[in-house]
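Letters A, B, ... are given to chains in the order of the sequence lines, protein chains preceding strands, and every chain is numbered from 1.
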Amino acid sequence: MDKPSKSNIRIGFYVCHCGSNIAAMVDCPAVAKYVETLPNVVLSRDYKYMCSDPGQELIQKDIAEFKLNRVVVASCSPLLHEHTFRGAVEAGGLNPFFFQMVNIREHDSWVHTDKAEATAKAKELARAAVLRVAQHKALEVKKVPIHPDALVVGGGIAGIHAAMTLANAGKKVFLVEREPSIGGHMAKFDKTFPTLDCAACILTPKMSAVGTHPNITLLSYSEVTKLDGYVGNYTVTVKRKPRYIIEDKCTGCQDCIVNCVYKEPKFRDEFNEGLGKRKPVYIPFPQATPQVVAIDPKTCLNFRNGELTNKCKKSCVTACGEKQAIDFNQQETFLDLKVGTIIITTGFQTFDAKRMPQYGYGKYPNVYTALEIERLVNTSGPTGGHVVMRDGKTEPKSIGIIHCVGSRDKKTNRWCSRVCCMYSMKLAHLLKEHTGAEVYSFYIDMRTPGKGYEEFYDKLLEEGVHFIRGRVGEVTDWAMSKEEMEEGKLIIRVEDTLAGYVRRIPFDMVVLATGMEAQSDAQDVRRLFNMSCGSEGFFLERHPKLAPVSTFTEGIFIAGACQGPRDIPDTVAQAGAAAAEALALIDKGHIEQEPNTAYIIEEECCGCKSCLPLCPYTAITFDTGKKKAVINEALCKGCGTCVAACPSGSIVQNLFDDDEIFSEIQGVLAHE
Amino acid sequence: MSKPKVAFYWCASCGGCEETVVDLAEDILGVVEKVDIVLWPVAMDFKYKDIEAMPDKSITATFLNGAIRMTEQEEMARLLRRKSVYLIAYGSCAHLGGIPGLANQFPREQILKFNYEDAPTIPKGEQTRPLTAFTEEGRTTTLPALHNVVRTLDQVVDVDYYVPGCPPTPKITRAAVDALLSGKLPPKGSVIAPDHALCDECSRKDTKPDKWDFVEFKRPHQKLMDEKCFLAQGVVCMGPATRAGCDAVCTEGGMPCTGCFGPTSRVRDQGAKILSSLCSNLAAKEEDEIEATLAGIPDPVGTFYRYGLAKSILRRKINLPAKS
C-alpha cells in the first residue's frame with residue numbers, strides 16, 4: 001500500500017487485549033491491521049497484556065530491531081499505565097515523551113456493547129494518536145527538591161496516627177485541628193468494638209504523645225485557609241482562632257473554670273453532645289490535648305455578641321494570677337507554613353437524626369443518637385456512666401436500637417456506613433451491662449465483616465439481646481392498647497421480616513444508630529486542597545485499589561473517614577499508609593516534574609494580561625519592566641487554561657502544542 | 001532591462017484596497033517609475049485577453065484584493081496565478097475572507113431569495129433572479145455565477161504573501177512593494193506585518209488592569225469612552241488577538257480594534273482565541289449571570305469573526321457545501 005511518509009518518523013503501534021477486557025469488545029487484530037496502513041507506521045502488533053514484562057520487552061526489542069522512534073500503545077487509561085509505557089520506551093533508548101497512549105478500555109470496550117462499532121472507534125482513536133505522536137518533541141523531566149516537613153489536617157485518630165508515624169520517623173509535622181482539642185470522634189467513644197477496649201485508654205496516651213512530641217507542632221483551634229504551591233513546596237496559611245488563652249502560659253490547672261462568675265455550668269457542652277453543661281471558660285474533656293482551656297466569646301460575660309465589652313469582673317483572670325494566661329484581646333492570627341506533603345484526615349459527621357422525623361428524634365426526649373449513648377455510658381460522661389433518661393433519674397427497663405438511620409436509604413444516604421451494626425451491638429452490650437434492660441436491635445442485614453466481629457455478634461446472641469430483622473417504620477408515643485403496656489412508652493413499629501408480621505414493641509428508650517456522612521464543609525476543604533469528591537461527598541482517592549490514600553493532587557494524601565465510612569482499625573491502617581506515602585516522597589528528596597508545562601514566548605507576548613488572573617496555581621506574573629507575562633514553570637501544573645486563553649497564541653504547552661492537538665483532532669475526525 | 005511587470009486585481013471587495021494604492025500618494029510615482037503596470041481595472045483599461053496572451057510567470061507580482069465569491073473571480077485568480085511569479089493576497093478579504101466572508105453564515109439560496117425577492121425594496125411582481133446565461137435574438141450573454149461559499153484567495157490558489165488590513169495601511173503596502181523591488185523577500189507564506197499582537201503598539205496598553213473581570217460588555221456607540229484600554233471599559237477590542245503593524249490607527253483614533261489584520265502566525269482561529277480569552281475573564285460564575293454579561297455582544301460572529309470567518313476553523317455554516 002502506498003503510504004505517504006514525509007519524514008524519518010518510524011512509529012510502532014501496539015494494541016493490548018487486556019485479557020478479555022478489551023478483546024471481548026474490540027477486534028484487536030483488526031485494529032492492528034488497520035493501523036499498519038497509516039502514515040509513518042512501520043510496525044503494528046496486538047498483544048495479550050502490553051503492561052506485562054514480556055509486553056514491555058517487546059516494545060524495547062522492536063525499538064532496537066525496527067529503529068522505531070515513536071511508540072503508540074492502545075490499552076487502558078493513561079492514569080494507570082502511561083508511566084509504565086513511558087518507562088518501557090525510555091528503557092528502549094528513546095525519549096519517554098515520544099510515546100502516546102490510547103485509552104480503548106475505559107473509553108471504548110467497557111462502555112460499548114456493539115463490537116463492530118467499538119472496533120471502529122478504537123481505529124479512530126488509534127489514528128488520532130498515530131498522527132499526534134509524529135508531532136511529539138523530546139522533553140525533559142525536571143527534578144524539584146521536596147520540603148521535608150509535613151502537614152496533617154484534622155486531629156482525630158487518623159490525624160494523630162499519621163502525625164505520630166511521621167514524627168517518629170524524624171520528620172517535622174504540623175498537626176492542625178479546628179476544635180480546641182485533638183481526639184476527634186474517638187475521644188467521645190466509651191469502648192471500642194469488638195474487643196471492648198476502653199477508647200480513652202488507648203487514645204489518650206497517643207494524644208498526649210502528640211502534645212509532647214518534639215517533632216510535632218500542634219495547632220489546635222486552627223484552620224487551614226489557603227494553600228499555595230505544589231507538591232514538595234506547599235505554602236499553607238493557617239488561621240489560629242482566638243481562644244483568649246495564651247497557650248504557652250496556660251498550665252491546664254483549671255482554676256479559671258472553678259472561679260468563673262458562673263458558679264454552675266450553664267451552657268451546652270458540645271463534647272457531651274449537649275447532655276451536659278459547661279461554663280464559658282472550659283476544657284472540652286479531662287484528657288484534652290493540649291491541656292489548655294478556651295473561652296467561648298458567645299457565652300462569656302466579658303463579651304457581648306462576640307465583641308469584647310470588659311463588663312465582667314473577670315474572676316478568671318484573678319484566679320489565673322501570675323500565670324497571666326488569659327488574654328481577652330487575643331485576635332485571629334495567620335501563620336504561614338512551608339511543607340512538602342499534606343495528609344488530610346478531616347473525618348466525618350454523623351447523620352442528623354432529625355432528617356428522619358418518623359423516628360421522633362428531637363420530638364420524644366427519650367430517643368437518643370448513638371453518639372449520645374456513647375457519652376451516657378461513659379464513666380467520664382455527663383452522668384458518670386449512670387444510664388438514665390432525660391429526666392435525669394429513671395433507668396430504662398427496655399431499650400430499642402434502630403440500625404441504618406441515614407444509611408442504606410435512598411431518601412437520605414444510600415451507602416452502608418459500615419460501623420453501625422458493630423457499634424450498635426457494642427452499645428447493646430454496654431447498655432445491658434449498665435442497666436440490665438431488655439435490649440432489642442432492629443437491623444436490615446447484620447454486617448459484621450472484620451476480625452472478631454462475627455464472634456462478637458455470636459456473643460451478643462448468647463447475652464440475650466433480641467435481634468429483629470426489619471427496617472423500623474416509625475417510633476411513636478401513641479398507645480394502641482393498655483394491655484400491651486404501651487402507655488407512656490415509645491412504640492417501635494416494625495415489620496419482623498423473619499416472623500412475617502408487623503409488630504409494635506414498647507420501649508423506655510430508643511437509640512438511633514446514625515450513619516456517617518461527609519463533613520458539611522467537605523466541599524470547601526476539597527476546593528482548598530484541590531481534591532475531588534465522589535457523589536456522596538467523601539474525598540476521592542486516586543485509585544480505590546492501587547492508590548487508596550492518594551488524591552489527584554500530588555503530595556496530598558487522605559486517610560480515615562473523610563474518604564468514606566470506616567472503623568477505627570481501618571482508619572489507623574489508612575493513616576499509616578498515608579504517612580508511608582508521604583515518607584516515600586520526603587525521603588526520595590525530590591519530585592520529578594511532568595514536563596507538560598506551559599511557557600510564554602517572550603518576544604511574541606504582547607502583554608495583554610489575559611492570562612494573569614486565569615492561572616489556578618498563580619504561576620503567571622507580569623514583568624512590569626518588559627511588559628510581558630512570565631510563567632513560573634515550577635508552579636505550572638499543565639492545566640492549559642492560559643494556553644487556550646492567550647489571544648495571540650504566545651503561550652505554548654509542552655505535549656499539547658497546536659501541531660499535536662490539531663493532528664490528533666484531524667486523526668479522530670478523518671472519515672474513512 | 002525591462003521593468004518588472006505588476007498587476008492589481010480585485011475580486012469580492014469594496015474597493016477600499018484600491019484606494020490604498022492611490023493613498024500611497026506621491027510614493028506611487030516612484031513605484032510607477034520602477035514597474036510596468038499590466039493590469040489595473042479600477043484605474044486603467046486592459047483586456048483580459050491581453051493577460052491570457054502573456055507567457056506564464058511573465059508578471060512579477062500580482063496584488064489581488066477581495067475574496068473569491070463568484071466563478072469569474074475564481075477564473076481570474078487561477079489565470080493571474082499562472083501568469084505571476086508572486087501572487088499576493090492584498091487586504092483582509094483576499095487574506096481572510098473579510099466582510100464578504102460573513103455571508104458564509106447563510107446558504108446561497110437564502111441570500112438570493114432575500115436580495116432578489118423578499119427585500120422590502122423590491123416591488124411586488126418585479127422579483128427576478130439573476131441568470132448566468134440569457135439568450136436574445138440568437139446572441140447569448142453570460143454572467144458569472146455565485147459560489148456557495150466565500151473563500152479566501154489561498155483556499156483557491158497558491159498564495160505567496162499576504163498584506164493584511166481592511167484596507168492595508170500605506171505603510172505596510174509600501175513595505176510589501178519595497179520588499180518586492182529590493183528582492184529582500186520573507187519566507188513564502190508570510191504575512192507582511194509584525195508577528196505580535198496589537199497591544200504592543202497601543203498607547204492604551206499601560207492602563208490595562210491585571211484582572212479584567214468583565215461584568216458587562218458595551219458596544220462603542222453605547223458608551224462614552226475615555227483614554228483607557230477599551231477592554232478595561234468593557235468594550236470588545238480585538239487588539240490582543242490581532243496582528244500588529246497598523247500603528248494602532250483605530251485605537252489611537254478612539255475606536256476599538258475590530259481585528260482586520262487577522263491573527264498572529266501562531267493562531268489558527270482568531271475568533272475562537274479572543275472568545276476563549278474574553279469568556280475566561282468574565283466576572284460572573286453562574287450560568288444566568290454569564291448569559292446576562294454575554295447579552296452585551298449581540299452579534300458574536302460579526303464581532304469576533306468580522307474579517308476571519310472564511311479562513312477560520314468554523315469557516316461556514318455546517319450544512320453549506322464547500323465547493324459550488
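No more than 12 heavy atoms of other residues, nucleotides or ligands sit less than 6.0 Å from atom CD of A:E117. For A:K142, the NZ atom counts as loosely surrounded, since its 6.0 Å shell holds 12 or fewer non-hydrogen atoms of other residues, nucleotides or ligands. Summarising the local packing, NZ of B:K188 is surrounded by more than 12 heavy atoms from other residues, nucleotides or ligands at distances under 6.0 Å. Shown here is A:E536, whose CD atom has more than 12 heavy atoms of other residues, nucleotides or ligands within 6.0 Å.
The pair B:R268-A:D659 meets the salt-bridge criterion, since a charged nitrogen lies less than 4.0 angstrom from a carboxylate oxygen.
The backbone N or O of B:K208 sits less than 3.5 Å from a side-chain atom of A:K609, completing a donor-acceptor pair. Looking at B:N281, its side chain never comes within 3.5 Å of a backbone N or O of A:P613 through a donor-acceptor pair. In this structure, B:K205 contributes its side chain and A:C606 its backbone to a donor-acceptor pair below 3.5 Å.
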Handout entry: side-chain contact (heavy atoms from CB on, under 4.5 Å) between A:I601 and B:R266, intermediate numbers included
Key = CA-CA 11 Å; A:I601 310 165; B:R266 304 170 294 280; 4.1 Å; yes
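Taking 4.5 Å as the heavy-atom cut-off, the residues of residues 642-656 of chain A that approach chain B are A:V643, A:A644, A:A645, A:C646, A:P647, A:S648, A:G649, A:S650, ordered by number. Residues of residues 624-633 of chain A that come closer than 4.5 Å to chain B, counting heavy atoms only, are A:K627, A:K628, ordered by residue number.
Note on B:D210, B:L278, B:L231, B:T264: by heavy-atom pairs under 4.5 Å with chain A, the leading option is B:D210. Top candidate by heavy-atom pairs under 4.5 Å with chain A, chosen from B:P240, B:A197, B:C199, is B:P240.
Neither the backbone nor the side chain of B:P194 comes within contact range of chain A, judged by heavy atoms closer than 4.5 Å. With a threshold of 4.5 angstrom between heavy atoms, B:I313 approaches chain A through side-chain atoms but not through N, CA, C or O.
When all heavy atoms of B:W212 and A:C608 are compared, the closest pair comes out as CZ2-O, 3.3 Å. Annotation for B:H196 and A:E603: closest pair CB-O, 4.5 Å, computed over non-hydrogen atoms.
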